[in-house]
Amino acid sequence: MSFLRKLFYITIYTNLLIAMAAMAQCALTYIIFERSINWYILLVEGTATLLLYNFSLWWSKPKNPKESKFPRTRWIFNHEWVMWLNNGIALLVLGYCLWFIHIYSFLFLGFIGILSLLYGMPLFKFHDRKVGLRQIPGAKIFHIALVWVCSSVVLPYVELANVGVSIDRWVFVALCGLKFIFLLICTLPFDIRDIQQDSYYHLRTLPNMLGEQKAKNLTYLLLGLHCVLILTVPYTVPIKIGLILTNLLIFALLKLAVFKTKDHYHYAYLLDGSLVLQFLIVVLLVIFSPAV
C-alpha cells in the first residue's frame, strides 16, 4: 500500500477527511459570498464536525469492535487513543475560537449541535419504539444535508450579518438550495453502498426503499439538476465553471469507481474528498481567471 493510500485511509478512519470537507465547504461559502474568510468560523466548523462524527462513532460502538468485518471499525477501536487525542485537541481549538465569534453565531451553533444529535438519539416514537432520525424511513440523507447546509452556509451568513456585512438574499437562498442538493448527491452513494448493512440494523434509508438501481439513477438525476440550477444562479462565471467541473468529476467517480464495484468499500469516501476538491477548483479558477 502506497504512502498516499495509507494517508487517505487514516484521514477516513480518524474523521479528519470529513472535518476538512466541512471546513472547505464553509470556506467556499465565503468565496461565493465574495467576502474574506473568517478562520475562526472555519475552525469552529472543522472541530465541531470532528467531535460530532467521533461522538457518533462512540455512540454506535459494537459489542466486539475488534472483531468487526469492517476495517474502519477495527482500526478505530484498535487505535482508540487517536480518537480521544483528536477530541482533546479539537475541544481546545473549539473553545478558543468560540471567544471570537458573535453570540448569535454561538447560539446558532448550539442549535446545529442539537439538530446533529437528533440523528442518533432515540427521541422520536416510531412503531411503538424510540428512535433517532436515522431510523425514520427515508429521513437520513435529508437530515444530514440539512445539518451541513446550516453549518456550512447559514452559520457564516449569521456571523456576517451580525458584524454588519450584508449578503444578497437571493445569493444566500440559492446557495442553501444548491448545497442541499449537492449534499444529497454526496450522501446517497454511501447509503447505496450500505444497503445490506442498513437492512441488518433495520434502517429504512432511501436506497433501501427505492432499490439500488433507482437510487443510482436518482443520484445521476440530482447531479444533472444541480448543473442546470448552477447556470441560473447569480454567481460569477469562474464559480459556475468550478461547480460544474466538480460535478463532472463526481460523475466520473460514480461511473468508474463508486458504482462500478462493491469490492472496494472505501471508494465512496472519494465523495468526501470531492467536498474539498470542489473548494480547491473554485478557488483556483477565481484566482487565475482574468478580472471582468
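Computed from a prediction, not measured in an experiment: that's the story for all the values here.
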First locate atom [atom1] of [X], then atom [atom2] of [Y], and finally report the distance between them rounded to the nearest 0.5 Å.
X	Y	atom1	atom2	answer
Y96	L92	OH	CG	12.5 Å
I185	L223	CD1	CG	4.5 Å
L94	L50	CG	CG	10.5 Å
H102	L107	NE2	CG	9.5 Å
S166	R35	OG	CZ	6.0 Å
F108	I112	CZ	CD1	4.5 Å

When you group the ILVMFWY residues by side-chain heavy-atom contacts below 4.5 Å and let the links chain together, are [Y] and [X] in the same group?
X	Y	value
F251	V228	no
I244	I287	yes
L16	V93	no
F190	L256	no
W170	F172	no

For [Y], does its backbone N or O pair with a side-chain atom of [X] as donor and acceptor, under 3.5 Å?
X	Y	value
T187	L184	no
T29	S152	yes
T246	G242	yes
N38	I41	yes

Tell me, with the steps shown, if L175 and Y235 meet side chain to side chain contact (heavy atoms under 4.5 Å, CB included). CA-CA 10 Å; L175 181 55; Y235 299 163; 3.3 Å; yes

Do the side chains of [Y] and [X] get nearer than 4.5 Å, heavy atoms only?
X	Y	value
L42	I37	yes
L285	L245	yes
K255	F259	no
N247	F182	yes
C97	I101	no
H226	L222	no
T236	E34	yes
L155	S105	yes

Nearest heavy-atom pair of [X] and [Y]: which atoms, and what distance?
X	Y	value
T14	I10	OG1-O, 2.7 Å
M23	G46	CG-CA, 3.4 Å
C26	E45	CB-CG, 4.0 Å
V233	A174	CG1-CB, 3.6 Å
I31	I239	O-CD1, 4.0 Å
I230	K240	O-CE, 3.4 Å

Is the F33-Y30 ring centre distance short of 6.0 angstrom? no

Run the side chain to side chain contact (heavy atoms under 4.5 Å, CB included) check on L17 and M20 step by step: do they pass? CA-CA 5 Å; L17 178 60; M20 289 187 290; 4.3 Å; yes

Testing V82, N87, I89 for side chain to side chain contact (heavy atoms under 4.5 Å, CB included) with L85, which one passes? I89

Show your working on side chain to side chain contact (heavy atoms under 4.5 Å, CB included) between I192 and T219 and close with a plain yes or no. CA-CA 10 Å; I192 293 170; T219 307; 4.0 Å; yes

Pairs of donor and acceptor atoms involving the side chains of residues 272-281, under 3.5 Å and at least two apart or interchain, shall be tabulated with distances.
{"from": "S274", "atom 1": "OG", "to": "L271", "atom 2": "O", "distance (Å)": "2.5"}
{"from": "Q278", "atom 1": "OE1", "to": "Q25", "atom 2": "NE2", "distance (Å)": "3.0"}

With side chain to side chain contact (heavy atoms under 4.5 Å, CB included) as the test, would you mind laying out the steps for I181 and L229 before giving the verdict? CA-CA 10 Å; I181 295 172; L229 291 176; 3.5 Å; yes

Do other residues, nucleotides or ligands put more than 12 heavy atoms under 6.0 Å from the CZ atom of F100? yes

